[in-house]
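For the numbers below, each heavy atom of this structure counts, side chains included, while hydrogens, waters and symmetry mates do not. Residues: numbered from 1 along the sequence shown.
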Amino acid sequence: MPDLFDRFRARLRGFLTDVDDLDRSDLIFVLAGRRDRKVHGARLFGDGWAPRLVMSTTNPQYIARVLTREVPEDVLPSDRTRSTLRELASQPYPERSERKLSLACLDEEGWSVLPTSPTPFGTLTEMRALSAWLQEHPAVRSVLLVSEGIHLKRLRLCCRRLVPPDRSVRLVAAPMESGDDTALGGPPPTEGIRDMVVESCKYLLYSVLLILE
């Protein structure tokens, strides 16, 4: 029986983890959620996989903390940007009741935080925000989209329906955290059977919701 359960879990994880190969792109977009996504997105930016980074978040101060820790200073576009990020990273986090989903953006022009239009479904809000951002930035033709591995099948659905068809998207699975990522705080990633069953239900729900888009 344990072998049967393990095979089921492996098959389910394989179905949900719809990952692409890395390739240099115009933008790294990181979905809100656990710290491993943010750390991996920041490291990809620091390693030069894309010249622009956008993170969906309710806590820009936390994003600034990740960036000042994970991105080499010589990669940041200017002294002003470095100073802005350090100052923001030192500020206390907003109260949970005050947090609103926004896009934290870093590129050659510097740092900015853009509000989003919330909906009852967080991932749909984020993907609609990405779509709107891409429409406002026609020069951005390719995207690395970062999330948990088991979320990627659902994100593929969203991309097909919501991302402008003339843009290419590669789905990137954030690896399980390295030991020192706990210094950043926030919940660690999990991919247990309960997480995968919940994600499978979300996949079915989004399959219906996106038909109605």
Exercise. Does Ser131 reach the main-chain N or O of Met127 with its side chain, forming a donor-acceptor pair under 3.5 Å?
Worked result: no
For this session: Give the minimum heavy-atom separation between Arg170 and Asp23, together with the two atoms involved.
Result: NE-CB, 3.4 Å
Seminar exercise, completed: To the nearest 0.5 Å, atom CG of Leu171 lies from atom CG of Leu22 at 11.0 Å
For this session: Could you tell me whether Glu148 and Arg34 have a side-chain N and a carboxylate O separated by less than 4.0 Å?
Result: no
Problem set entry | Rounded distance [0.5 Å steps], CG in Asp20 versus CG in Leu145 | 9.5 Å
For this session: Search all heavy atoms of Arg161 against all heavy atoms of Ile211 and return the closest pair with its distance.
Result: NH2-O, 4.4 Å
Exercise. Got a donor-acceptor contact below 3.5 angstrom from the Ser78 side chain to the Leu76 backbone?
Worked result: no
For this session: Decide yes or no for Leu152 and Leu16: does some side-chain heavy atom of the first lie under 4.5 Å from some side-chain heavy atom of the second?
Result: no
For this session: Mark yes or no for whether Arg167, through its side chain, and Leu134, through its backbone, hold a donor-acceptor pair below 3.5 Å.
Result: yes
Problem set entry | Charged N-O contact under 4.0 Å between Glu87 and Arg82 | no
Problem set entry | Side-chain heavy-atom pair Arg52, Ile28 within 4.5 angstrom cut-off | no
Exercise. Would you find a donor on one side and an acceptor on the other, under 3.5 Å apart, between the side chain of His151 and the backbone of Ser147?
Worked result: no
Contacts under 3.5 angstrom, residues 102-111 side chains, donor-acceptor by atom type, not counting sequence neighbours:
from, atom 1, to, atom 2, distance (Å)
Ser102, OG, Thr57, O, 3.3
Asp107, OD1, Glu109, N, 2.8
Asp107, OD1, Gly110, N, 3.3

Exercise. Has the side chain of Ser142 got a donor or acceptor atom that lies under 3.5 Å from a matching backbone atom of Asp26?
Worked result: yes
Exercise. Where do Arg13 and Asp195 land on the salt bridge (Lys or Arg N to Asp or Glu O under 4.0 Å) test, with the steps shown first?
Worked result: CA-CA 10 Å; Arg13 189 182 188 283; Asp195 302 291; over 6 Å; no
Problem set entry | Partners meeting side chain to side chain contact (heavy atoms under 4.5 Å, CB included) with Ala32 (sequence neighbours left out) | Ser56, Leu101, Glu126
Exercise. Just how far is it from atom OG of Ser168 to atom CG of Leu144, taken to the nearest 0.5 Å?
Worked result: 9.0 Å
Exercise. Roughly how far, to the nearest 0.5 Å, is CZ of Arg154 from CD of Glu199?
Worked result: 4.0 Å
Exercise. Crowded around Arg141 CZ? As in, over 12 foreign heavy atoms under 6.0 Å?
Worked result: yes
Exercise. Considering all heavy atoms of both residues, which atom of Gln61 and which atom of Gln91 are nearest to each other, and what is their separation?
Worked result: NE2-OE1, 3.9 Å
Problem set entry | cation_pi(Lys153, Phe15) dist<6.0 Å, angle<=45 | yes
